[in-house]
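Worksheet: one structure, shown below.
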2 protein chains.
Amino acid sequence: MEKASRMTKQRKLILDVLRSTKSHPTADWIYNQVRGEMPNISLGTVYRNLGVLKEKGEILELNYGSSFSRYDCNPENHYHLTCTKCERVFDLKIPIQKQLVKEVMDIDGHKVLDHRLEFYGICKECKKQEVN
Amino acid sequence: MEKASRMTKQRKLILDVLRSTKSHPTADWIYNQVRGEMPNISLGTVYRNLGVLKEKGEILELNYGSSFSRYDCNPENHYHLTCTKCERVFDLKIPIQKQLVKEVMDIDGHKVLDHRLEFYGICKECKKQEVN
DNA sequence: ATATTTGCAAAATTTTTGCTGGTCA
DNA sequence: TGACCAGCAAAAATTTTGCAAATAT
């Protein structure tokens, strides 16, 4: 059975901060935000709580294409585009591609439990500023 | 214009080691393999060369779903399945999903230059050993 | 009451970098 | 010959962990 867990002030604050932004922040960014409200919180606590929240399925850890993780308050699988110009990560509206899972099972014979799809390119906003 | 680059003994050996395996090894694994042949090579050199080879488009760096990178001697985009049981990474045969790129451009309005698709699950071999 | 969590600091892990001398083309 | 590269070792960057005190339920 699942381990008990408490909703401490720290954990709640971390979750609130993550839910209050549309960006996909790093642990360090979250740490700095949270410190505004709770100056003595430690970075270790932030990491531990992000880990717990991830285990409970309340958030996602994104560690794609860089040496550090970003976190996402939306635990449902969805896809992202990382802008190579401004480095921001955007949620995409395109639907989950369920047929891919079937395809991998049929063609490659593995049992698929999960998948991640990440795009890289120039975001809508940076595109406007591009000279042709 | 592009920077010149030399095929040093070290760089060649690193590339050969990477090309000789179907696994998707870490820098440290490559380092240890290469040391068998060239005991004085340094880990820094391995990292530097993997970086150069990646820049030249000869290999891929895979940094998805873990805290460290793996490397792939096949520089063409292709998809992987990471087995959550044996931790191995498998190349998949399913074709590149070009329509996804168009979908992201049409639905989300970003300019897509590249994409990565990673699957997680139980590989063909581990599946056999599973009890039902 | 007590299992869980915190803050702190130290350590672990993975990767990068400065420097000086060596080497490929 | 001269830009590029190697080895070494130290540092950087990110994340994890041990411990004693505090806290949520």
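It should be emphasised that the depicted structure is a prediction, and the values quoted were computed from it without experimental measurement. Proteins come first, then strands; the chains are lettered A, B, ... in the order of their sequence lines, and each starts at number 1.
- For the helix from C:dA1-D:dT25 to C:dA25-D:dT1, the axis fitted to the five pairs at one end and the axis fitted to the five pairs at the other end meet at an angle of 50° (nearest 10 degrees).
- Residues satisfying the side chain to side chain contact (heavy atoms under 4.5 Å, CB included) test with A:K54, not counting sequence neighbours, are A:I59, A:E61.
- Remark: B:E37 engages B:L13 in a side chain to side chain contact (heavy atoms under 4.5 Å, CB included) (not counting sequence neighbours).
- Residue pairs meeting the ring-ring contact (aromatic ring centres under 6.0 Å, His included) criterion with at least one member in residues 93-112 of chain A, sequence neighbours excluded: A:H110-B:F90.
- Screening residues 78-89 of chain B for salt bridge (charged side-chain N to carboxylate O under 4.0 Å, His left out) gives B:K85-B:E130, B:R88-B:E125 as the qualifying pairs, with residues at least two apart or on separate chains.
- Other residues sharing the hydrophobic cluster of A:I122, ordered by chain and number and joined by side-chain separations under 4.5 Å: B:L113.
- In terms of phosphate contacts, A:N49 brings a side-chain nitrogen or oxygen within less than 4.0 Å of OP1 or OP2 of C:dT6.
- Through chains of ILVMFWY side-chain contacts below 4.5 Å, B:L60 is grouped with A:L60, A:L62, A:Y64, A:Y120, B:L62, B:Y64, B:Y120.
- With sequence neighbours excluded, the residues satisfying ring pair (Phe, Tyr, Trp, His ring centres under 6.0 Å) with A:H115 are A:Y79, B:F119.
- When the side chain to side chain contact (heavy atoms under 4.5 Å, CB included) test is applied to B:S66, the partners found at least two apart in sequence or on another chain are B:F68.
- Evaluation of the side-chain hydrogen bond (donor to acceptor under 3.5 Å, both in side chains) test over residues 90-99 of chain B, restricted to residues two or more places apart or in two chains, returns B:H24-B:D91, B:H78-B:D91, B:H80-B:D91, B:Q97-B:Q99.
- In the region residues 14-41 of chain B, proximity to DNA chain C at under 4.0 angstrom, judged on heavy atoms, holds for none of the residues.
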Inset, instruction - Could you run through nucleotides 17-25 of chain C and give me one letter per nucleotide, 5' to 3': B if any protein heavy atom sits under 4.0 Å from the base, S if only the sugar-phosphate is that close, - if neither? - result: BB---BBBS
